[in-house]
Amino acid sequence: MKNYDVVIAGGGFSGSIAAIAASREGAKTLVIESNGFLGGTLTGAGVGPMMTFHAGDKQVIRGITDELIERLKESGKSPGHILDSSMYTYSVTPFDAEAMKYEIETMLLESGGEVLYHTMLAGAQMSNGSIESIKICNKAGVSDIKAKIFIDATGDGDLGAFAGIPFTKGREKDGAAQPMTLNMKIRDVNMEKLKEFIKKDPENFARIHKDVTTIDKVPRLSVIGFVKEFNEAKEKGEISIKREDVLFFETNNPGEIIVNTTRILGCDSTDPWSLSKAEIEGRKQCKELEAFFKKYLTGFENATFIQSGPSIGVRGSRQIKGLYTLTAEDLLNKEKFEDTIAHSGYPIDIHSPDGEGTASKMLEWGDYYNIPLRILVPENIDNLIVVGRCVSATFEAQAAIRVTPTVGAIGQAGGTAAAIAAKKMISVQNVDAKEVQERLVENGSYLDV
């Protein structure tokens, strides 16, 4: 049986950053990942761009997450942090997904970390309030791996659930989760024709109409709108998607866009049957959108639909019960925490579990909130840390902190804390938050504490 200091279940974005952080702290680290690449939703679900590293003009997310973007910029695979032309948040960070796979993997290997691809988490062996080992399944069959400290970066809190951690799921009143989205990628879009069309009818584009000149100030375009066309297609029965508008973003590659418009309701990503149903429904909706874009939207006359997915994007499912549960009030009131390990300026952004509608709660321009270490630490398991979107937070609070720059910052904190716990042979509940904060700042993170 192989033995490590830190084993991370899930090589999504938060898990990958956690692995790099733990390895750089000297921990013998392994990531297990069901895909053949790292990066999670950014590389495996077609999600992009990253949004947002900023709060007003201040960049509040730095560290390893921003280091990755700098590497992509150097190779011409990202324009870096640019103005959000949809005017929803402060900045967006487009990137090339294939380059993201390579860079994040390279950073892990350079740090001394290991990765085991095509490997699923299959269970946890418990002993006296600790995870003794985890069970994995891959081409070699079923086997066990030991570690001093484990990190749950599965997104759905799978390891925590196997270990018996209490959790909530979805909206407090009924357990309903935000809808899933199967993104789709389209290339050869005539962006100049598209911009001219927007300028002729800016009222058809949410928020863009406040300053339509913004679309000429950015190297890559973000668009939310086409409300008239979408409503017409819905009235004619050509669109069955229960949302109110069209949302898409240009990638690092000019004329290539990611469409974030499908809306799959009533499915549960922790149920494999329900998850399979969601994938099928998502492809059906992508087919509708392909026809819609060709028929209704200027600039898409010669565009080509490249792919969906490759897998569906999940906004939320399980939230583990941690030493503290982050709330919407904490975010909106900018609550101070002695154990703050990350900040974010992204708003509370809830895609309605009931159908049409996207509800937002915004902070004042330039404000940012604080994320405490305690939401990464469960109450009842002394060698498990949780990172990513399944940390301890209410439905509303999770809708703000679930985005990739934020979970990257959370991942760096979780990996750092795990390495400290492994080195000192202490429980995760006894890790000194001040020491984590010091290590984060020394390694390039921004902390206002």
Side-chain angles (χ1 to χ4, degrees), residues 41-43 45-51 72 76-80 82-89 91-100 181-209 211-234 238-239 241 243-263 282-283 285-310 313:
T41 59
L42 296 178
T43 55
V47 171
M50 300 176 73
M51 55 196 304
L72 290 170
K77 299 299 184 179
S78 172
I82 65 174
L83 184 68
D84 177 14
S85 63
S86 76
M87 304 183 74
Y88 182 69
T89 188
S91 65
V92 296
T93 310
F95 59 90
D96 179 273
E98 291 303 311
M100 174 76 76
T181 290
L182 186 65
N183 283 344
M184 58 189 290
K185 193 171 285 185
I186 299 174
R187 68 183 178 199
D188 300 325
V189 180
N190 188 323
M191 303 305 291
E192 293 308 313
K193 286 182 68 174
L194 174 61
K195 288 179 182 180
E196 290 306 312
F197 181 83
I198 294 172
K199 291 175 185 176
K200 290 176 182 177
D201 189 14
E203 296 295 329
N204 197 21
F205 298 88
R207 294 181 298 275
I208 292 179
H209 70 270
D211 183 6
V212 74
T213 65
T214 302
I215 65 176
D216 290 321
K217 299 175 183 177
V218 294
R220 302 292 184 273
L221 200 62
S222 302
V223 175
I224 180 168
F226 291 106
V227 176
K228 296 174 184 175
E229 294 82 1
F230 206 56
N231 284 336
E232 181 182 346
K234 285 193 289 186
E238 297 169 343
I239 290 289
I241 302 166
R243 68 166 292 154
E244 61 280 7
D245 50 27
V246 175
L247 176 64
F248 60 81
F249 305 91
E250 194 173 9
T251 75
N252 179 70
N253 309 314
E256 179 183 83
I257 65 164
I258 293 169
V259 181
N260 185 336
T261 301
T262 68
R263 180 164 285 186
R283 273 186 284 277
Q285 293 186 14
C286 284
K287 191 68 175 176
E288 291 180 2
L289 287 170
E290 180 184 7
F292 167 78
F293 274 69
K294 284 281 190 180
K295 180 177 178 179
Y296 286 91
L297 304 192
T298 297
F300 289 83
E301 295 83 358
N302 298 312
T304 303
F305 171 47
I306 305 172
Q307 67 176 42
S308 60

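With values rounded to the nearest 0.5 angstrom, R187 atom CZ is found 10.0 Å from Q307 atom CD. A distance of 9.0 Å separates CE in M50 from OG in S78, rounded to the nearest 0.5 Å. Atom OG1 of T213 sits about 11.5 Å away from atom CD1 of I208, to the nearest 0.5 Å. Rounded to the nearest 0.5 angstrom, K77 NZ and M100 CE are separated by 12.5 Å. Atom OG1 of T262 sits about 11.0 Å away from atom CZ of R283, to the nearest 0.5 Å. With values rounded to the nearest 0.5 angstrom, F249 atom CZ is found 4.5 Å from M51 atom CE.
Taking both residues in full, the closest heavy atoms of A303 and I186 are given as CB-CG2, 3.6 Å, listed atom of the first, atom of the second, then distance. Contact record, P94 with E250: CB-O, 3.7 Å, taken as the closest heavy-atom pair. Taking all atoms of both residues into account, the shortest heavy-atom contact from P79 to N252 is CD-OD1, 3.3 Å. Between A233 and F292, the shortest heavy-atom distance links the atoms CB-CD1, 3.7 Å. In this structure, A45 and P310 approach most closely via the heavy-atom pair N-CD, 4.0 Å. When all heavy atoms of I258 and G46 are compared, the pair lying nearest together is CG2-O, 3.2 Å.
When the shell of 6.0 Å around CG of D216 is examined, it contains more than 12 heavy atoms from other residues, nucleotides or ligands. Within 6.0 Å of NZ in K287 there are 12 or fewer heavy atoms belonging to other residues, nucleotides or ligands.
The backbone N or O of I241 sits nowhere less than 3.5 Å from a side-chain atom of R263 that would complete a donor-acceptor pair. In terms of modelled atom types and a separation under 3.5 Å, the side chain of S85 and the main chain of S222 share a donor-acceptor contact. One N or O on the side chain of E301 and one on the backbone of G299 form a donor-acceptor pair closer than 3.5 Å. In this structure a side-chain-to-backbone donor-acceptor pair under 3.5 Å is missing from N253 to E256. Checked by atom type and distance alone, the side chain of T298 never pairs as donor or acceptor with a backbone atom of L194 at under 3.5 Å.
Proximity of the aromatic rings of F230 and Y296 is defined here by a centroid distance below 6.0 angstrom, and this criterion is not met.
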Report task. Determine, stepwise, if the pair E229 / N204 fulfils side-chain contact (heavy atoms from CB on, under 4.5 Å). Result -> CA-CA 9 Å; E229 294 82 1; N204 197 21; 2.9 Å; yes
Requested in this report: Could you check D211 against K217 for side-chain contact (heavy atoms from CB on, under 4.5 Å), going step by step and ending with a plain yes or no?
Outcome: CA-CA 11 Å; D211 183 6; K217 299 175 183 177; 3.8 Å; yes
**Report entry** Worked check of side-chain contact (heavy atoms from CB on, under 4.5 Å) between V223 and I257
**Finding:** CA-CA 10 Å; V223 175; I257 65 164; over 6 Å; no
Query - Criterion salt bridge (Lys or Arg N to Asp or Glu O under 4.0 Å) on K199 and E196, from CA distance to verdict - result: CA-CA 5 Å; K199 291 175 185 176; E196 290 306 312; 3.4 Å; yes
Query raised in the report: So D84 and R207, salt bridge (Lys or Arg N to Asp or Glu O under 4.0 Å) or not? Walk me through it.
Result: CA-CA 11 Å; D84 177 14; R207 294 181 298 275; over 6 Å; no
Requested in this report: Just do the side-chain contact (heavy atoms from CB on, under 4.5 Å) check on N231 and I239 with the steps written out, would you?
Outcome: CA-CA 9 Å; N231 284 336; I239 290 289; over 6 Å; no
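Contact of the M184 side chain with the F305 side chain is registered, since non-hydrogen atoms from C-beta on lie closer than 4.5 Å. Between I215 and L221 there is a side-chain heavy-atom pair separated by less than 4.5 Å. Counting heavy atoms from C-beta outward, D96 and L72 have side chains that stay 4.5 Å or more apart. Taking 4.5 Å as the limit, every side-chain heavy atom of F248 sits out of range of all side-chain heavy atoms of T261. Side-chain contact between M87 and T214 is present, with at least one heavy-atom pair separated by less than 4.5 Å. Looking at heavy atoms from C-beta onward, E244 lies out of side-chain contact with V227 at the 4.5 angstrom threshold. For the pair N302 and D188, the minimum side-chain heavy-atom distance is 4.5 Å or more. For the pair R243 and Q285, the minimum side-chain heavy-atom distance is 4.5 Å or more.
Applying ring pair (Phe, Tyr, Trp, His ring centres under 6.0 Å) to F300 and the options F293, F197, F226 leaves one that passes, F293.
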